[in-house]
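First up is the structure itself, then whatever we jot down about it.
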Protein chains: 2
Amino acid sequence: MLKKLDPLLHSELRLAIMSLLISVEKAEFTYLKEQTEATAGNLSVQITKLEDAGYIFVKKGFKGKIPQTTCNITKKGIEAFEKYVEELKAYLKL
Amino acid sequence: MLKKLDPLLHSELRLAIMSLLISVEKAEFTYLKEQTEATAGNLSVQITKLEDAGYIFVKKGFKGKIPQTTCNITKKGIEAFEKYVEELKAYLKL
DNA sequence: TAAACTAGTTTATAATATAAACCAAATTTA
DNA sequence: TAAATTTGGTTTATATTATAAACTAGTTTA
């Protein structure tokens, strides 16, 4: 079989999150929500999955009095993303 | 949001089937099974989905006395596959 | 002729994605 | 200032999808 694609990344929303995070230092929950147009619930669930896998780091704090969740991609996440891209290229013969 | 990926193609096995079919004139069920290492059941289901979408054409015949299913990608399938690749590139910034 | 094999399909179950419902605190409005 | 609304999320229930197990139909082999 072609190399197995990382199922954690082979999901539309998680892939979108990762591709956003890979090009910035960090991003807020609200920013990710705007960019992906996902519902907050869906976004929350997928962020947790990426966090559990160690692909992103999630920091919960406050902006003034309002809660603020900030995410950034980890080294492991970058590596997984790059590997996924390579595997996908093999699939698509890019 | 980033352009929505065609959910019919954003599936590991269906993507593998399509990427195999795009580079050959036609392929037998057994060949696809060998190449993808999928179970026959899973392959059968996914082939039917691609057929229902009009992405592939499925012909059932016999090789001697043994049933033989042959698949080939359709024009619509080629277009969908190429569109998917472009959308994915946008995701991954390739 | 019974067992094992080929080439699949159907169906039941497991996994995944998604949205709806909910919560707490802050802010706006009547 | 009390009620309604908004913000920033999480939890949970449901819909969708993927997968494997069980099955069908016929063939070959011992």
Side-chain angles (χ1 to χ4, degrees), chain A residues 1-21 26-53 55-72 80 84 91, chain B residues 1-21 26-53 55-72 80 84 91:
Chain A
M1 171 80 133
L2 293 155
K3 255 190 205 160
K4 184 131 184 62
L5 295 175
D6 183 343
L8 220 94
L9 293 182
H10 196 66
S11 137
E12 189 157 13
L13 182 48
R14 288 196 300 272
L15 193 59
I17 294 166
M18 292 292 281
S19 76
L20 286 166
L21 289 181
K26 60 192 164 68
E28 293 167 24
F29 185 94
T30 51
Y31 172 78
L32 293 175
K33 184 166 178 294
E34 277 166 29
Q35 292 293 313
T36 60
E37 290 178 24
T39 60
N42 193 8
L43 185 59
S44 177
V45 169
Q46 306 310 330
I47 282 177
T48 300
K49 286 187 184 180
L50 291 170
E51 185 186 18
D52 289 348
Y55 287 3
I56 67 173
F57 175 74
V58 179
K59 188 183 158 200
K60 279 160 202 310
F62 286 86
K63 181 170 64 177
K65 295 169 179 176
I66 289 175
Q68 187 181 48
T69 298
T70 309
C71 307
N72 62 275
Y84 173 80
Y91 263 72
Chain B
M1 169 81 132
L2 292 154
K3 256 191 204 161
K4 184 132 184 59
L5 295 174
D6 184 343
L8 220 94
L9 293 181
H10 196 66
S11 138
E12 188 157 14
L13 182 48
R14 287 196 299 271
L15 194 59
I17 295 167
M18 291 293 280
S19 76
L20 286 167
L21 289 182
K26 59 193 165 68
E28 291 167 26
F29 185 95
T30 51
Y31 172 78
L32 294 174
K33 184 167 178 293
E34 277 166 29
Q35 292 294 313
T36 60
E37 287 177 26
T39 59
N42 194 7
L43 185 58
S44 176
V45 169
Q46 306 311 329
I47 282 177
T48 300
K49 286 187 185 181
L50 291 171
E51 186 187 17
D52 289 348
Y55 287 4
I56 67 174
F57 176 74
V58 179
K59 188 184 157 199
K60 281 160 199 312
F62 286 86
K63 181 171 65 178
K65 294 170 181 176
I66 289 175
Q68 188 181 47
T69 298
T70 309
C71 306
N72 62 276
Y84 173 81
Y91 263 72

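Computed from heavy atoms alone, side chains included, the values below leave out hydrogens, waters and symmetry copies. Letters A, B, ... mirror the listed sequences (proteins, then strands); counts begin at 1. The structure displayed is predicted, hence computed values, not measured ones.
Side-chain proximity of Lys60(A) to the nucleotides dT17(D), dG9(D), dT28(D) is greatest for dG9(D).
Atom pair Gln68(A):CD and dG9(D):C1' shows a separation of 12 Å (rounding to whole Å applied). Between Leu13(A) atom CG and dT16(D) atom P the separation is 18 Å, expressed in whole Å. Between the C1' atom of dT6(D) and the NZ atom of Lys33(A) lies a distance of 12 Å, rounded to the nearest Å. Computed from coordinates, the Ile66(A) CD1 to dG9(D) C1' distance equals 12 Å when rounded to whole Å. Lys65(A) has its NZ atom 20 Å from the P atom of dT6(D), to the nearest Å. In this entry the distance linking CG of Leu9(A) with C1' of dA17(C) reads 15 Å, nearest Å. We find that CG of Leu5(B) is positioned 14 Å from P of dT17(D), with the value rounded to whole Å. Rounded to an integer number of Å, the gap from CZ of Phe62(B) to P of dA7(C) is 12 Å.
The aromatic rings of His10(A) and His10(B) sit parallel to each other, their planes meeting at less than 30°, with 60° as the upper class boundary.
Under a 3.5 Å cut-off, the side chain of Thr48(A) and the backbone N or O of Ser44(A) do form a donor-acceptor pair. Panel note: side chain Gln68(B), backbone Glu28(B); no donor-acceptor pair is recorded below 3.5 Å. Proximity of a side-chain donor or acceptor of Thr69(A) to a complementary backbone N or O of Phe29(A) within less than 3.5 Å is not detected.
In this model, the phosphate group of dA7(C) is not approached by any side-chain N or O of Thr30(B) to a distance below 4.0 Å at OP1 or OP2. Between Thr39(A) and dT18(C) there is no side-chain polar atom (N or O) within less than 4.0 angstrom of OP1 or OP2. Between Arg14(B) and the phosphate of dA18(D), there is a side-chain N or O to OP1/OP2 separation shorter than 4.0 Å.
Residues His10(A) and Lys63(B) both approach DNA chain C. Their nearest nucleotides, taken by heavy-atom distance, put Lys63(B) toward the 5′ side.
At least one side-chain heavy atom of Leu21(B) sits less than 4.5 Å from a side-chain heavy atom of Leu32(B). Residues Ile17(B) and Tyr55(B) have side chains not in contact (no heavy-atom distance under 4.5 Å, counting atoms from C-beta outward). Here the side chains of Lys59(A) and Lys26(A) are not in contact, with every heavy-atom distance at 4.5 Å or above.
Against DNA chain D, the stretch residues 40-52 of chain A makes heavy-atom approaches under 4.0 Å through Ala40(A), Gly41(A), Ser44(A), Val45(A).
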